[in-house]
Amino acid sequence: MSSASAVIVAETVAEVRSRRLSLDRDRSRTGVMLVIPAVATVTAFLFIPIGEAIYYSMTNWNGITSQWIGPSAYLAMFKNPLFWRVLENNAILLLAVPVTLVCGVTLAALLNERVRGWRIFRAAIIIPTAVSWVVLGIVGIQAFAQNGMLNSMLGSVGLKFLEHNWLGSPLSALIAVAITFVYSLVGVNTLIFVTGMATIDPSVYEAAKLDGASWWQGFTRITIPLLRRYFMFTFVITAISAFSALFSLIFTMTSGGPNYGTTTIEFFIYDQAFATGAFGTGALLGVVLLVILASVSLLQLRLMNRGE
Amino acid sequence: MASPVIRSEDERTEPLLEPLTGAKKRIRIAPGRAVIFAVLAVVSVIIMYPFYFMAVTSMRSEAQYQLGRGFSLSSWTQLFASVPVAREMMNSLLVCTVAIAIILTLSTTAGFALAKAHFRGHGLVLLGLVGGMMIPVQSIIIPEYVNFVGLHLINSYLGAILVYVAVGTPFATFLMTTYFRGVPEELVDAGRCDGLGYAGVFRRIALPIAKPALATVIVLQFIPIWNDLLVGLLFLQEPTVRTFTVGLGVLASSRVVSIPGLMAGSLLSTIPAAAVYVIFQRFLVSGLTLGASR
Amino acid sequence: MTTVRLENIRKVYSNGFEAVHNLDLVINEGEFVVLVGPSGCGKTTVLRMVAGLEEISSGKLIFGDRLMNSIAPRDRDIAMVFQNYALYPHMTVEENIGFALKLRKVPKEETRNRVREAASILALDAWLERKPSQLSGGQRQRVAMGRAMVREPSVFLMDEPLSNLDAKLRVQMRAEVSRIQRRLGVATLYVTHDQTEAMTMGDRVAVLEGGRLQQCDVPQALYDRPANSFVAAFIGSPSMNLYEAQMSEDGLSLKLGSQRVTLPGVVFERHPALVGFRGRPVIVGIRPEHLHIPRAEGEPFFAGDIDLIEALGSELLVHFSIDAKSVHAGKVEEEPDALAMVSGEGIARTGPKVKIATGSRVEIGVDAEELQFFDPDGGASIWA
Ligand SMILES: Nc1ncnc2c1ncn2[C@@H]1O[C@H](COP(=O)(O)OP(=O)(O)O)[C@@H](O)[C@H]1O
Ligand SMILES: [Mg+2]
């Protein structure tokens, strides 16, 4: 019985396939026509170059000639202390991500109270996002200079002992980069959290209030858990930015120095290829960066799907 | 979960940032609204201070800046004298406009195809394009640079534009696909009954109702392209084709212009991006939160 | 003016699911045919195949004398009204209604006049400049109608066009849709899951279940002579009471649970084929209005326990139960309420003045002439 009906179904599916030709043709034909330009462009200028990058990463390419080295190129890189120095810088910068998130969610919660003038405050908080990293770098040099904004601010609040030529030593320069990073990205984070909070039904808070919850309890027990997806999302985009959006800032503010103190992997790529002429090494670092970013993205997908 | 964050055109009157119920309805035990106000005010002042610094410094000459007193327009004149501001602005505008126009064309057509005009293997194509979103420009820039040297696309607008397009199209396509998926199938059917083929449905129905999504793509692409340094530095090296951001970056590293002059340039570069940003703010949020809400 | 013929039409979706089985259906010129059935039975699929929005797996679709199977929707000269109206959000009411004409390159002036005319029939004159988002549900529904009307198509297709309206508006629009259809005289296939809508609107009603056509006839015939127990249960509200029963060897009585109900000779006059079921199980059906409380003198009866009395003003709906097993043919999933689960439940319809108490046991009279019988094997009705 069941095998007989299975045969019938098999036949009918075949039949359906063969008939596809007539009516669905307009759809699939139009679909293919419409998708080709994007696919061709992305293939030519994104996928092929990434393929080339993977190939050249295993060569000693200088932009003109190349000799095959093989996967051992990666091993050599992993043995290079400078590479680990650079990754360490990235790791330290990554610490700015949770700071950005906490600042963002806090500011969003405050904005969400809709105090007088909240729209103006919102605009003020978001505006740095529109400012280019180049400008932030230029202003950052002034801000972190010996007689700059940060030191004078520290002095005026009685923290004079913290005054420092921030860009003069590796770790403090990296901290300066991190502070600029937070400054630039806190607005986007806030904006996303404000949007997230707007999706929470106010009656949830009313119910909690009837149960005797305080504002703080409402924030920690309702707002934060309900914003779970928003936290994951902001974490990922902020982390990706930390890895791949800071080239211009580092280029203008510190040029990767002092002494590689602010060289992150993305700046290292530029440095290797265009300052040293080691195109193969640059390509290799590009592949490493891609692997890191892909891991972060896939991790996000895993976490988000698990949450369902 | 939540409906697509980008709303269709007719719902546009509802600002995205507003909560669904009025502010009056939210009853909460707040820790003193005055305290909140004060905290927000202080944060805002700190955040705005660099802008104040830029504005004030740009209005001083080098000497006045050292002194911390007095005002003059000399650094502005110095900036305009040492940098072809108008030329660079035009370059920036040209590169941005063309790149975004291409991205819009590619992403709307592909997005419609992937959402509504299915063909054999459409799932794989979407997967590939989404995969492309993960590729950072730094990972392809070296082979791209070498290829474009061979194609004589260095120091041509087209070269830089193609890089921006390649890097921007995957996300824009993803965004448009998501948007078109939210368009009811019945609307497509209605168009077909009324006399359209799939191409007609795209042009006469899908595209006109996708305006909010187009705005989102514009704002999400304009800011990074306008503010880009890396691609411009490599692909637009000649002063004649340089964008304003690249010009500013070069100016800053060459240290031939005084600090007030740099501040004037910084301010000038910020204005267009900030303007686009303020005008399209709503669409920025909807594009950004696309990933969070689904 | 066109006659629509569906001949032996099948739909197999790409996942192998056969949604429509060998459907034959004719919609004559100017006729209003309603396709009714529980949700998921394949109504939309049928409609979309007629529209050309869905491929026909096998069989023939003929408009007049033209085979339409592989004609694109835009060349079929059909107009469709969708459940969610599918109005173009970026166009005004006027543009929405006139869009199809514009695509057909009808002169501007004529388009304008036809749109205005349709709008005035639908009382939309005042809203022509509005966008759909600025209209109420009822207005949107009328715009959807208008969009189909101006086309003056050869076939009208409507997929549950009233189901998103509130109850009162729905009743009002039923009459309006019927009126417009008569006026245009266009062959119409109207889909609904609401049997009341089907009965009140259709010239003929086609009942679909599980992708198979159960019966297609004028509404009264469906009610009086349902082809099988599914149609019997689906058409009519409250629905027909159906029980498993056993016919006695001599054919003089029916065993209904533990009770015996006498069968007068008139039953066999009306259902000659019933003779063959003597000594065998049958499904017996009786509509609520053919059960009498109190029973009349001399008529067959059975006793039932009163569970619930619904007073509707003009009448009472008396819910009772007996120990026979009731048959649910299709309607169970439609109205999954707790009562429906109790075995042997039934409903009788009585005048408003009858005095009965919940929990009591009463004798319920049966109008023997109106009894219906179905073959337990397959549910086909038993007549001649
Ligand atoms: N594209 C599809 N692929 C597979 N099955 C489908 C598809 N569309 C509908 N179906 C199935 O076909 C059956 C009939 O669907 P439909 O015609 O929409 O029913 P109705 O309109 O009567 O509620 C349902 O069981 C539905 O799940
Ligand atoms: Mg349906």
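Quantities reported herein were computed from a predicted structural model and do not represent experimental measurements.
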Checklist line | Interface moiety of M133(B) toward chain A, non-hydrogen atoms closer than 4.5 Å | finding: neither
Check: Between A41(B), A252(B), G131(B), G150(B), which has the largest tally of heavy atom pairs under 4.5 Å with chain A?
Finding: A41(B)
Note to self: Between I259(B) and chain A, with a heavy-atom cut-off of 4.5 Å, which part of the residue counts as in contact: side chain, backbone, both or neither?
What the structure shows: side chain
Checklist line | Pairwise distance CG(L233(B)) to OG(S248(A)) - rounded to 0.5 angstrom | finding: 8.5 Å
Note to self: Give me the atom names and distance for the closest heavy-atom approach of L46(A) to G132(B).
What the structure shows: CD2-O, 3.7 Å
Notebook entry, point to check: Do F247(A) and L229(B) have side chains that get closer than 4.5 Å, going by heavy atoms?
Noted result: yes
Check: Non-hydrogen atoms of chain B under 4.5 Å away: do they reach the side chain of I141(A), the backbone, both or neither?
Finding: side chain
Note to self: Which atoms of L251(B) are under 4.5 Å from chain A, going by heavy atoms: the side chain, the backbone, both sets, or neither?
What the structure shows: neither
Note to self: Using a 3.5 Å distance criterion without hydrogens, assess whether the side chain of Y198(B) forms a donor-acceptor pair with backbone atoms of G31(A).
What the structure shows: no
Check: So, for F45(A) and Y164(B), is the gap between ring centers shorter than 6.0 Å?
Finding: no
Check: Would you call W118(A) and F37(B) a side-chain contact if the rule is heavy atoms closer than 4.5 Å?
Finding: no
Note to self: Treating S28(A) as the side-chain partner and F119(B) as the backbone partner, does any N or O pair qualify as donor plus acceptor under 3.5 Å?
What the structure shows: no
Notebook entry, point to check: So which part of V39(A) gets closer than 4.5 Å to some heavy atom of chain B, the side chain, the backbone, both or neither?
Noted result: side chain
Item checked: Inter-residue atom distance Q272(A).CD - I142(B).CD1, 0.5 Å rounding -> 9.0 Å
Item checked: Reported CE-to-OG distance for the pair M253(A) and S253(B), which is rounded to 0.5 angstrom -> 15.0 Å
Notebook entry, point to check: Ignoring hydrogens and geometry, is there a side-chain-to-backbone donor-acceptor pair from N227(B) to A130(A) under 3.5 Å?
Noted result: yes
Margin query: Quick check on F222(B) against chain A: is it the side chain, the backbone, both or neither that has a heavy atom closer than 4.5 Å?
Written below: neither
Next item on the list: Report yes or no: does R33(B) contribute a side-chain atom to a donor-acceptor pair with the main-chain N or O of R114(A) at less than 3.5 Å?
Entry: yes
Next item on the list: Carefully, step by step, assess V131(A) and F51(B) under the rule side chain to side chain contact (heavy atoms under 4.5 Å, CB included).
Entry: CA-CA 10 Å; V131(A) 179; F51(B) 294 92; 3.4 Å; yes
Checklist line | Under 4.5 Å from any heavy atom of chain B - which part of F243(A) | finding: neither
Next item on the list: Specify which of M33(A), R116(A), Q142(A), R29(A) makes the most heavy-atom pairs with chain B at under 4.5 Å.
Entry: Q142(A)
Checklist line | Heavy-atom pair with the smallest gap, counting every atom of T252(A) and G249(B) | finding: CG2-CA, 4.1 Å
Next item on the list: Using a cut-off of under 4.5 Å on heavy-atom pairs, state which of A273(B), A113(B), S266(B) scores highest against chain A.
Entry: S266(B)
Checklist line | Reported CZ-to-CG distance for the pair R203(B) and L34(A), which is rounded to 0.5 angstrom | finding: 12.0 Å
Next item on the list: Taking atom CE of M134(B) as the centre, report whether more than 12 heavy atoms of other residues, nucleotides or ligands fall under 6.0 Å from it.
Entry: yes
Next item on the list: Please indicate whether F235(A) has more than 12 foreign heavy atoms, meaning atoms of other residues, nucleotides or ligands, lying under 6.0 Å from its CZ.
Entry: no
Checklist line | Portion of L234(B) that has a non-hydrogen atom of chain A nearer than 4.5 angstrom | finding: side chain
Note to self: Is V115(A) close to chain B through its backbone or its side chain, or both, or neither, when contacts mean heavy atoms under 4.5 Å?
What the structure shows: both
Checklist line | Residue, of Y56(A), F279(A), Y183(A), that accumulates the most heavy atom pairs under 4.5 Å with chain B | finding: Y183(A)
Check: When rounded to the nearest 0.5 angstrom, what is the spacing between CD1 in I125(A) and CD1 in I46(B)?
Finding: 11.0 Å
Check: Where is the tightest heavy-atom contact between K116(B) and R27(A), given as atom of each residue plus distance?
Finding: O-CD, 3.8 Å
Note to self: If you count every heavy atom of other residues, nucleotides or ligands that lies below 6.0 Å from L151(B) atom CG, does the total exceed 12?
What the structure shows: yes
Margin query: I want to check something: taking the side chain as every heavy atom from C-beta on, are I127(A) and M48(B) in contact at a cut-off of under 4.5 Å?
Written below: yes
Margin query: Which one wins on heavy-atom pair count under 4.5 Å against chain A: I223(B), T169(B), L162(B)?
Written below: L162(B)
Margin query: Shorter than 4.5 Å, heavy atoms on both sides: which option in P128(A), A124(A), A44(A) has the most such pairs with chain B?
Written below: A124(A)
Check: Can you tell if the side chain of E52(A) reaches within under 4.5 Å of the side chain of I140(B), non-hydrogen atoms only?
Finding: no
Check: Just wondering, do S139(B) and I50(A) contact through their side chains at under 4.5 Å, heavy atoms?
Finding: yes
Check: Any side-chain heavy atom of V35(A) sitting closer than 4.5 Å to one from F112(B)?
Finding: no
Item checked: Portion of A275(B) that has a non-hydrogen atom of chain A nearer than 4.5 angstrom -> neither
Notebook entry, point to check: Where on F231(A) is there a heavy atom nearer than 4.5 Å to chain B: the side chain, the backbone, both, or neither?
Noted result: neither
Note to self: As a quick check of understanding, evaluate side chain to side chain contact (heavy atoms under 4.5 Å, CB included) for M54(B) and V135(A), giving each step before the final call.
What the structure shows: CA-CA 10 Å; M54(B) 270 192 270; V135(A) 169; 3.9 Å; yes
Check: Donor-acceptor pair, N147(B) side chain versus P49(A) backbone, under 3.5 Å?
Finding: no
Next item on the list: Measure the shortest side-chain to side-chain distance between T41(A) and I102(B) over non-hydrogen atoms and say whether it is less than 4.5 angstrom.
Entry: no
Margin query: Does any backbone or side-chain atom of V42(A) lie under 4.5 Å from a heavy atom of chain B? Answer side chain, backbone, both or neither.
Written below: side chain
Checklist line | Non-hydrogen atoms of L106(B) and P37(A) that approach each other most closely | finding: CD2-CB, 3.5 Å
Checklist line | Atom group of L114(B) that falls short of 4.5 Å from chain A, counting heavy atoms | finding: side chain
Next item on the list: Compare every heavy atom of F121(A) with every heavy atom of S44(B), then report the nearest pair and how far apart it is.
Entry: OG-CD2, 3.1 Å
Next item on the list: Compare every heavy atom of I135(B) with every heavy atom of L290(A), then report the nearest pair and how far apart it is.
Entry: CD1-CA, 3.7 Å
Checklist line | Contact check, side chains of F202(B) and T30(A), non-hydrogen atoms, under 4.5 Å | finding: no
Next item on the list: Go through the atoms of A53(A) and report whether side chain, backbone, both or neither lie under 4.5 Å from a heavy atom of chain B.
Entry: both
Check: From L262(B) CG over to I138(A) CD1, what is the distance, rounded to the nearest 0.5 angstrom?
Finding: 5.0 Å
Margin query: Using heavy-atom distances under 4.5 Å, tell me whether Y270(A) contacts chain B through its side chain, its backbone, both, or neither.
Written below: side chain
Next item on the list: Check for a donor-acceptor pair, side chain of Q138(B) on one end and backbone N or O of S244(A) on the other, with a separation under 3.5 Å.
Entry: yes
Item checked: Contacting moiety of S269(B), where chain A heavy atoms sit under 4.5 Å -> side chain
